[in-house]
There are 2 protein chains.
Amino acid sequence: MMRTEGTGKSGYHHGDLRNALIEAATDLARDGGPEAVVLRAAARSVGVSPTAAYRHFTGQGDLLMAVKEQGQRGLAETMERSAAGDGAEGDGARDAGEAAEERLKALGAGYIEFALAEPGLFRAAFCRPPEAADGSGDPGPQEDSARWMYRSFRLLAEALDGLVTTGRMPAERRSGTEITAWAAVHGLAVLLLDGPLGRLSPEQRDTLAAGALDTVIRGFTASE
Amino acid sequence: MMRTEGTGKSGYHHGDLRNALIEAATDLARDGGPEAVVLRAAARSVGVSPTAAYRHFTGQGDLLMAVKEQGQRGLAETMERSAAGDGAEGDGARDAGEAAEERLKALGAGYIEFALAEPGLFRAAFCRPPEAADGSGDPGPQEDSARWMYRSFRLLAEALDGLVTTGRMPAERRSGTEITAWAAVHGLAVLLLDGPLGRLSPEQRDTLAAGALDTVIRGFTASE
DNA sequence: GAGTCGAAGTTAACGTCGTAAACATAATAC
DNA sequence: GTATTATGTTTACGACGTTAACTTCGACTC
């Protein structure tokens with residue numbers, strides 16, 4: 001007796017409920033973060049009974065993980081867009097090493113950009129997977145979900161490889177640097193979102209982010 | 001009819017319910033993180049009715065903020081202990097500059113140490129303050145709570161000042177570096193806790209943390 | 001095409017949570 | 001010794017996640 005005006009199939013069967021729920025839940029996360037992803041609200045917004053969701057998700061946590069994946073996808077895409085826009089137009093990168101450095105900076109800037117533009121999604125993208133109550137502690141089936149899961153991480157790692165192959169960073173220093181780079185940029189993002197840094201003007205943020213990126217990159221490339 | 005075997009005063013009036021609730025809630029957070037701090041459970045564990053908590057806290061969010069403060073205190077104390085133990089025994093710090101650098105490293109190591117030793121509390125220490133539903137958006141009265149609130153942050157800032165006064169870091173580079181330092185160490189902590197870095201051996205973590213700290217400090221002090 | 005069968009929905013119900021309102025009791029002030 | 005006030009209690013409400021049992025639709029066989 002619900003879904004009288006369905007855009008889908010018959011009015012009873014939705015046709016694509018899974019994706020509709022993910023979309024609704026993602027909207028919830030967009031303003032409100034992960035804790036705003038409530039299963040009943042998503043179902044309500046799609047016009048379906050709460051328990052219908054259980055045909056497509058094992059529960060609220062599963063739905064939240066789908067949202068998390070959306071967030072990770074958005075983050076990675078913003079980073080790629082930022083790097084592509086910043087590196088492709090051959091803006092004064094005299095040599096390959098400088099280009100690699102610019103790419104790294106652009107990726108970091110994209111990271112921050114996404115976190116500030118979509119704080120709710122960003123937080124959802126890094127929310128903890130719900131305790132697998134079966135005690136097994138394993139994250140369950142996430143095979144191709146993992147393709148996007150920490151793609152941002154891999155993007156940074158590849159950029160760091162570029163720093164090495166162009167001779168900008170000593171190879172023996174490479175190990176562990178993706179952690180350092182990711183930590184710096186992620187820490188900055190959460191600091192800006194809900195850390196002690198209250199409200200900063202956009203330009204303050206930008207100088208701050210630029211400074212942090214410069215410091216880390218200098219740490220990577222400096223000789224001494 | 002509750003609290004038959006109270007350690008406090010009469011059996012009806014508790015005597016120090018506020019602190020008892022904070023303690024119980026902190027225990028909840030210790031294993032389970034911020035989302036495990038449920039008001040009813042804390043009251044239950046103290047042996048008091050759920051609504052009794054409302055005589056001492058405005059609600060669940062307020063209780064959570066008290067736990068958050070406990071977490072921040074623990075973090076700051078671990079950092080101070082780490083720095084004190086590492087710097088006081090005059091271990092080969094040839095000059096003041098080197099000592100300042102060592103202190104900064106020790107503070108960072110303490111930060112990571114606490115995050116790994118008390119993951120639940122650490123997460124609680126950085127949980128978002130609950131949306132002040134009155135729309136004012138202000139965090140409310142936290143006057144002396146703020147003394148501990150981001151003390152970890154101030155510790156890092158002071159250590160960075162030491163880096164400048166000893167001439168190890170150019171003064172014009174100082175601005176914003178507490179953000180960078182904090183971001184690096186905080187990002188590393190969350191990365192270790194629930195990021196893509198699954199289970200690492202303690203020594204792997206330590207080399208990782210040491211590497212990250214070295215990179216950032218090199219970024220601060222390097223000449224080029 | 002009529003009949004069956006599983007996938008994808010529904011309603012009803014349970015236990016838990018946060019919270020408000022009204023009531024009860026104990027400590028304190030006069 | 002009584003009135004007041006701080007601090008508990010009981011009761012109740014609505015929202016949430018989740019389970020169980022029922023219903024409806026679409027697809028596949030004969």
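Computed from heavy atoms alone, side chains included, the values below leave out hydrogens, waters and symmetry copies. Here is the naming used below: chain letters follow the sequence lines, and residue numbers restart at 1 for every chain.
Listed pair Tyr54(A) / dT18(D) meets the phosphate criterion, a side-chain N or O lying under 4.0 Å from OP1 or OP2. For dG9(C), the OP1/OP2 oxygens have a side-chain nitrogen or oxygen of His56(A) closer than 4.0 Å.
Which of dT19(C), dT18(D), dT10(C) sits closest to the side chain of Gln60(A) comes down to dT18(D).
Distance check, rounded to the nearest 0.5 Å: CG of Leu160(B) to OG1 of Thr180(B) gives 8.5 Å. Taken to the nearest 0.5 Å, the CZ atom of Arg123(A) stands 11.5 Å off from the CD atom of Glu118(A).
No side-chain heavy atom of Glu77(B) sits less than 4.5 Å from a side-chain heavy atom of Phe114(B).
The base of dT18(D) is not paired with the side chain of Thr51(A) by any donor and acceptor separated by under 3.5 Å.
When rounded to the nearest whole Å, the span between CG of Leu63(B) and P of dC17(C) equals 14 Å. In this entry the distance linking NE2 of His14(A) with P of dT10(C) reads 10 Å, nearest Å. Spacing between atom CD of Glu35(A) and atom P of dG18(C) amounts to 15 Å, rounded to whole angstrom units. Counting to the nearest Å, the P atom of dT18(D) and the CG atom of Leu64(A) are 11 Å from each other. As rounded to whole Å, 13 Å separates atom P of dG9(C) from atom CG of Leu39(A). Protein atom CZ of Phe57(A) is 17 Å distant from nucleotide atom P of dC16(D), rounded to whole Å. Following rounding to the nearest Å, Arg40(A) (CZ) and dT19(D) (C1') show an atom-to-atom distance of 12 Å.
The two residues Leu39(B) and Gly59(B) make their nearest non-hydrogen contact at CD1-C, 4.0 Å. Considering all non-hydrogen atoms of both residues, Val67(B) and Ala124(B) come closest at CG1-CB, 4.1 Å.
Judged purely by distance below 3.5 Å, without hydrogens or angles, the side chains of Thr26(B) and Glu23(B) never pair a donor atom with an acceptor atom.
Under the ring pair (Phe, Tyr, Trp, His ring centres under 6.0 Å) criterion, Tyr54(B) pairs with no residue at all, not counting sequence neighbours.
Using a 4.0 Å heavy-atom criterion, one finds that Arg44(A) contacts the sugar-phosphate atoms exclusively.
Closest-nucleotide positions on DNA chain D for Thr58(A) and Leu17(B) were compared, and the one nearer the 5' end corresponds to Leu17(B).
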Where do N or O atoms of nucleotides 22-25 of chain C meet protein N or O atoms at under 3.5 Å, pair by pair?
unit_1, atom_1, unit_2, atom_2, d
dA24(C), N3, Tyr12(B), OH, 3.3

